[in-house]
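Indexing begins at 1, ligand by ligand and atom by atom, following the structure's order. Only heavy atoms go into these numbers, but all of them, side chains included; no hydrogens, no water, no symmetry mates.
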Amino acid sequence: MPIQSIGRSNLYYHESGRGVPVVLLHGFPLDHRVWRQQVHDLSSVSRVITPDLRGFGQSTGGGTFTLQELAEDLYLLLSRIHALPCVLGGLSMGGYVALAYQRQYASTLRGLILIDSRAAADDSDARAARDSLIELARAQGSSAIAEKLMPKLLAPATVDSQPDVAEELMSIMQSCPTATIRHALAAMRDRPDLRPSLSRIAAPTLIIVGDSDALSPPALAEEMHKSIAGSTLSIISGSGHMTPMEQPQLVSRAIKHFLVSLSSS
Ligand code: MLT
């Protein structure tokens with residue numbers, strides 16, 4: 001099993017294919033399995049690496065962490081496995097980590113992909129909601145968190161027509177260790193506002209968002225698109241917050257187009 005020991009963590013990653021490294025970071029409280037279709041579709045044209053962030057999936061954690069530390073883990077992992085420079089993409093919380101990464105390691109990026117994500121920090125209501133979720137996780141564990149999050153994650157059309165996606169999403173969330181859920185909620189609550197850094201992003205950037213994303217709505221994606229010079233915005237129809245799982249082929253296609261544009265620029 002591909003595992004690298006980084007600091008006090010053992011980081012798991014899945015990889016397949018050859019060529020330009022494309023690294024995809026999962027959201028919260030998820031793991032590399034959200035990228036199954038993209039791994040299948042993109043590994044014919046690139047080396048696709050899908051890590052489990054510290055404490056998630058098959059990676060072990062070592063207590064509390066910040067999103068910046070997750071970005072540092074990633075840099076050490078990718079250096080170790082000779083996957084730099086890379087195209088780095090992130091779904092939601094993975095996008096927060098990708099933005100933190102780009103601030104510190106911009107010279108190692110060939111491209112940036114932000115999916116159903118945002119650059120703004122939590123406001124006071126959102127911070128209070130994180131504290132309530134931390135308490136819920138402490139008192140009732142991962143399944144209670146999964147039940148609480150589930151109604152906001154998928155587009156109504158996905159719930160009706162793709163019950164298998166809802167089932168898989170639920171099972172991934174339920175498998176996330178409770179301690180990791182608490183640490184990640186605190187890390188997201190305390191993350192900085194990265195909007196001021198957007199105008200300095202030099203890497204070619206693709207922004208993807210589901211048209212029915214209730215958590216990071218298209219308006220936020222539009223704002224990032226306006227702030228990042230030369231970025232491309234792809235709004236995916238019939239998708240909520242879990243676009244790589246809800247409309248997997250459309251996400252793969254958008255990423256493939258982006259990779260082609262990188263090789264011809
Ligand atoms: C995610 O999908 O990673 C979360 O919705 C991010 C967040 O809670 O801010």
Side-chain angles (χ1 to χ4, degrees), residues 24-35 38 50-57 59 61 65-68 70-71 74 88-101 113-137 142 144-155 158 165-166 168-178 180-195 207-210 212-221 223-224 236 239-248 251:
L24 300 172
L25 306 179
H26 60 81
F28 166 84
L30 304 170
D31 60 47
H32 73 281
R33 288 176 285 175
V34 301
W35 303 111
Q38 287 75 40
T50 50
D52 283 342
L53 296 167
R54 190 194 296 194
F56 291 88
S59 293
F65 52 78
T66 64
L67 297 182
Q68 190 63 42
L70 297 188
L74 186 66
L88 178 60
L91 166 65
S92 196
M93 181 190 75
Y96 309 158
V97 176
L99 282 172
Y101 182 101
I113 306 171
L114 302 170
I115 306 179
D116 296 298
S117 196
R118 64 173 77 201
D122 282 4
D123 61 18
S124 56
D125 287 350
R127 285 201 294 275
R130 301 280 190 206
D131 288 336
S132 307
L133 284 176
I134 289 171
E135 277 318 306
L136 182 65
S142 311
I145 294 291
E147 295 284 348
K148 181 93 179 163
L149 297 180
M150 192 65 184
K152 299 188 190 120
L153 296 178
L154 301 173
T158 307
V165 168
E168 185 178 18
L169 181 59
M170 184 58 114
S171 129
I172 296 174
M173 289 196 289
Q174 286 172 334
S175 70
C176 188
T178 304
T180 300
I181 288 179
R182 288 194 280 106
H183 300 327
L185 284 165
M188 291 192 285
R189 177 195 62 201
D190 299 338
R191 75 190 192 281
D193 181 1
L194 293 184
R195 284 175 298 180
I207 300 164
I208 297 176
V209 66
S212 306
D213 185 342
L215 293 179
S216 295
L220 291 180
E223 271 178 28
M224 290 198 292
I236 307 276
S239 184
H241 188 60
M242 288 292 126
T243 309
M245 293 178 82
E246 295 181 71
Q247 295 294 345
V251 169

Closest protein heavy atom (residue, atom, distance) for atom 5 (O) of ligand 1: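 For this ligand atom, the closest protein heavy atom is H241 NE2, 3.1 Å.
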
Distance from atom 9 (O) of ligand 1 to nearest protein heavy atom, with residue and atom: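 Of the protein heavy atoms, Y96 OH, 2.5 Å lies nearest.
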
Where ligand 1 meets G27 - atom numbers and elements under 4.0 angstrom, heavy-atom basis: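 Answer, ordered by atom number: 3 (O).
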
Numbered atoms and elements of ligand 1 in range of S92, under 4.0 angstrom, heavy atoms: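 Contacts of ligand 1 toward S92, numbered from 1: 1 (C), 2 (O), 3 (O), 4 (C), 5 (O), 6 (C).
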
Closest candidate by heavy atom, reference atom 8 (O) of ligand 1, pool M242, H26, R191, R130: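 Among M242, H26, R191, R130, the closest heavy atom to atom 8 (O) of ligand 1 comes from R130.
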
For [Y], is there any backbone N or O sitting under 3.5 Å from a side-chain donor or acceptor partner on [X]?
{"X": "S142", "Y": "C176", "answer": "yes"}
{"X": "D116", "Y": "G210", "answer": "yes"}
{"X": "Q247", "Y": "I236", "answer": "no"}

F28-ligand 1 polar pair, N/O distance under 3.5 Å: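 Looking only at distances, the answer is yes, because the N/O contact criterion of under 3.5 Å is met.
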
Nitrogen or oxygen atoms of G94 and ligand 1 under 3.5 Å apart: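 It does not: no N or O of G94 is found under 3.5 Å from an N or O of ligand 1.
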
Point-to-point distance, once rounded to the nearest 0.5 Å, from CG of L149 to CZ of F28: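 Rounded to the nearest 0.5 Å, the CG-CZ separation comes to 6.0 Å.
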
Geometric class of the F65/H183 ring pair [parallel <30°, tilted 30-60°, perpendicular >60°]: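 Geometry flag for F65 against H183: perpendicular rings.
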
Donor + acceptor pair across side chains of H32, D52 (<3.5 Å):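 Yes, side-chain donor-acceptor contact under 3.5 Å.
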
Under-4.0 Å heavy-atom contact with ligand 1, by part of M188 that carries it: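 The answer is the side chain of M188.
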
